[in-house]
Amino acid sequence: NDQTIKPGEYELNKSMRPVEIIEEMVNGDNDNVFRATFLPGSTVREIRKSMLALGYTEAEVDQALTADYSDKEFAWIFEGRPEGAGLEGYLYGDTYEFYVGESAEKVFERMFEEMATVLKANDLPAKFTAQGLNLYEGITLASVVQKEAHAPDQAKVAQIFYNRLHAGMNLGSDVTTQYALDLVDPNRETYTNNADALTIDSPYNTRLHPGLPYGPIANPGLSALEAAATPDSSMENYLFFLTGDDGVMYYGTTEEEHNNNIREHCR
């Protein structure tokens with residue numbers, strides 16, 4: 001039973017007993033606060049839609065998405081972010097409470113503050129550095145891991161991506177290609193078949209271009225951030241993975257093993 005006092009404004013009167021006042025504040029029975037849930041792995045595009053559904057205007061949301069947050073206390077989270085890059089990767093998914101009338105900017109600031117808290121509490125910037133990545137690159141890799149695998153497999157998949165990077169191979173991640181398509185052809189009107197889609201010339205297409213994608217492709221949650229920061233070293237000989245028709249992840253050390261996995265588990 002949650003006995004914490006809920007934030008908000010309450011109308012109280014002098015005749016109320018202390019126990020009644022506390023009860024009202026614990027139950028959160030006020031009309032001045034609203035809850036908003038943003039899921040880990042959501043993209044900026046999806047968060048924008050959620051904000052519109054909460055009643056914010058397109059102008060308000062777009063202004064908040066292009067605002068300058070560089071003078072804020074949490075601004076260190078943007079270390080390594082290229083000039084002109086958007087906010088993908090930084091809007092930390094969670095359930096939040098806000099006062100009714102809170103600006104879209106304040107909503108995003110709360111999400112950035114949570115991202116800063118999570119990064120700091122888990123010492124993630126230092127762990128990314130130990131892997132040879134700056135903070136922006138660490139968040140970028142975590143976002144790919146977030147979209148490729150569920151939590152139990154994320155540290156394994158992260159290690160495979162590091163193995164591929166160290167071997168000079170392309171990441172070859174289809175989720176980065178999907179993101180590239182979402183940016184230029186969200187309704188798949190131009191790229192109508194999968195073969196064409198995989199050839200899209202975008203800095204997010206890791207089948208075509210070596211290294212990490214240009215930037216994050218989603219807003220990663222804690223498990224994906226931790227996976228990218230502390231990958232599973234028992235997977236250091238593996239270079240391939242796939243999700244079978246049964247939803248299970250299968251791993252391969254060679255292309256031959258990988259092709260066998262495709263034949264056996266992808267009908």
I'd like to check the side-chain hydrogen bond (donor to acceptor under 3.5 Å, both in side chains) partners of [X]; sequence neighbours left out, ordered by chain and number.
| X | value |
| --- | --- |
| T206 | T176 |
| D94 | none |
| Y179 | E88 |

Test item: [X] side-chain N/O and [Y] main-chain N/O as donor-acceptor pair under 3.5 Å:
| X | Y | answer |
| --- | --- | --- |
| R81 | G86 | yes |
| N134 | G80 | no |
| E257 | T253 | yes |
| N259 | E255 | yes |
| T230 | A227 | no |
| N219 | S42 | yes |
| E60 | S103 | no |

**OP:** Kindly determine whether H209 and D201 satisfy side chain to side chain contact (heavy atoms under 4.5 Å, CB included), including the steps that lead there.
**Re:** CA-CA 9 Å; H209 299 288; D201 189 11; 3.0 Å; yes
**OP:** Scan for salt bridge (Lys or Arg N to Asp or Glu O under 4.0 Å) pairs involving residues 65-78, sequence neighbours excluded, and state none if there are none.
**Re:**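 Sorted pair list: K72-E109.
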Original post:
Which salt bridge (Lys or Arg N to Asp or Glu O under 4.0 Å) pairs, counting each pair once, include a residue from residues 206-228, with sequence neighbours left out?
Top reply: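 Those involving residues 206-228 are D174-R207.
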Original post:
For residues D153 and Y251, is any side-chain donor paired with an opposing acceptor at under 3.5 Å?
Top reply: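 A pair is found: one side chain offers a donor N or O, the other an acceptor, under 3.5 Å apart.
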**OP:** Please name all residues satisfying ring-ring contact (aromatic ring centres under 6.0 Å, His included) with F241, sequence neighbours left out, ordered by chain then number.
**Re:**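 With neighbours one apart ignored, the set is F161.
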Is the shortest heavy-atom distance from the side chain of [X] to the side chain of [Y] under 4.5 Å?
| X | Y | result |
| --- | --- | --- |
| F74 | T117 | no |
| S70 | F78 | no |
| E236 | Y162 | no |
| M111 | Y96 | yes |
| V33 | Y99 | yes |
| P125 | E79 | no |

State the [atom1]-[atom2] distance between [X] and [Y], to the nearest 0.5 angstrom.
| X | Y | atom1 | atom2 | value |
| --- | --- | --- | --- | --- |
| E114 | L91 | CD | CG | 12.5 Å |
| R35 | L54 | CZ | CG | 13.5 Å |
| L181 | Q178 | CG | CD | 5.5 Å |
| N237 | T254 | CG | OG1 | 11.5 Å |
| S234 | K156 | OG | NZ | 6.5 Å |
| N194 | T199 | CG | OG1 | 10.0 Å |

**OP:** Walk me through it: do F128 and Y136 pass the test side chain to side chain contact (heavy atoms under 4.5 Å, CB included)?
**Re:** CA-CA 9 Å; F128 288 137; Y136 185 70; over 6 Å; no
Original post:
Got a sec, which hydrophobics cluster with L239, joining ILVMFWY side chains under 4.5 Å apart, including via others?
Top reply: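 Grouped by the 4.5 Å side-chain rule, M169, F240 form the rest of the cluster around L239.
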Original post:
Taking ILVMFWY side chains as joined if any heavy atoms are under 4.5 angstrom apart, and letting links pass through other members, which residues group with I262?
Top reply: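 L242, V248, Y250, all in the cluster of I262.
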Subject >> Verdict with supporting geometry, L225 and V118, side chain to side chain contact (heavy atoms under 4.5 Å, CB included) >> reply: CA-CA 9 Å; L225 287 162; V118 165; 4.3 Å; yes
Going only through I, L, V, M, F, W and Y residues with side-chain contacts under 4.5 Å, is there a path from [X] to [Y]?
| X | Y | value |
| --- | --- | --- |
| V144 | L183 | yes |
| L198 | L171 | no |
| W76 | M115 | yes |
| Y204 | L208 | no |
| L39 | Y90 | no |

Minimum-distance pair of heavy atoms, taken over all atoms of [X] and [Y]:
| X | Y | answer |
| --- | --- | --- |
| K147 | V175 | O-CG1, 3.7 Å |
| S223 | Q154 | OG-OE1, 2.7 Å |
| G244 | C266 | CA-SG, 4.3 Å |
| G41 | E46 | O-OE1, 4.1 Å |
| A228 | P231 | O-CD, 4.0 Å |
| P220 | G89 | CD-O, 3.5 Å |

**OP:** Describe, in one word, how the ring planes of F108 and F112 are oriented to each other, choosing from parallel (under 30°), tilted (30 to 60°) and perpendicular (over 60°).
**Re:**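 Geometry flag for F112 against F108: tilted rings.
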Original post:
Stepwise, does the side chain to side chain contact (heavy atoms under 4.5 Å, CB included) test hold for E137 with L141?
Top reply: CA-CA 6 Å; E137 292 166 335; L141 181 59; over 6 Å; no
Go through the structure and list residues passing salt bridge (charged side-chain N to carboxylate O under 4.0 Å, His left out) with [X], not counting sequence neighbours.
| X | answer |
| --- | --- |
| R188 | D182 |
| R48 | E58, D62 |
| D196 | none |

Original post:
Passes side chain to side chain donor-acceptor pair (under 3.5 Å), N260 versus E256? Steps please.
Top reply: CA-CA 6 Å; N260 278 338; E256 192 184 351; 5.0 Å; no
Compile the donor-acceptor pairs under 3.5 Å between side chains in residues 210-217 and protein atoms, sequence neighbours left out, one pair per line.
none

Subject >> Heavy-atom neighbours of Y238 OH exceed 12 at 6.0 Å >> reply: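 Check fails, neighbour count at 12 or below.
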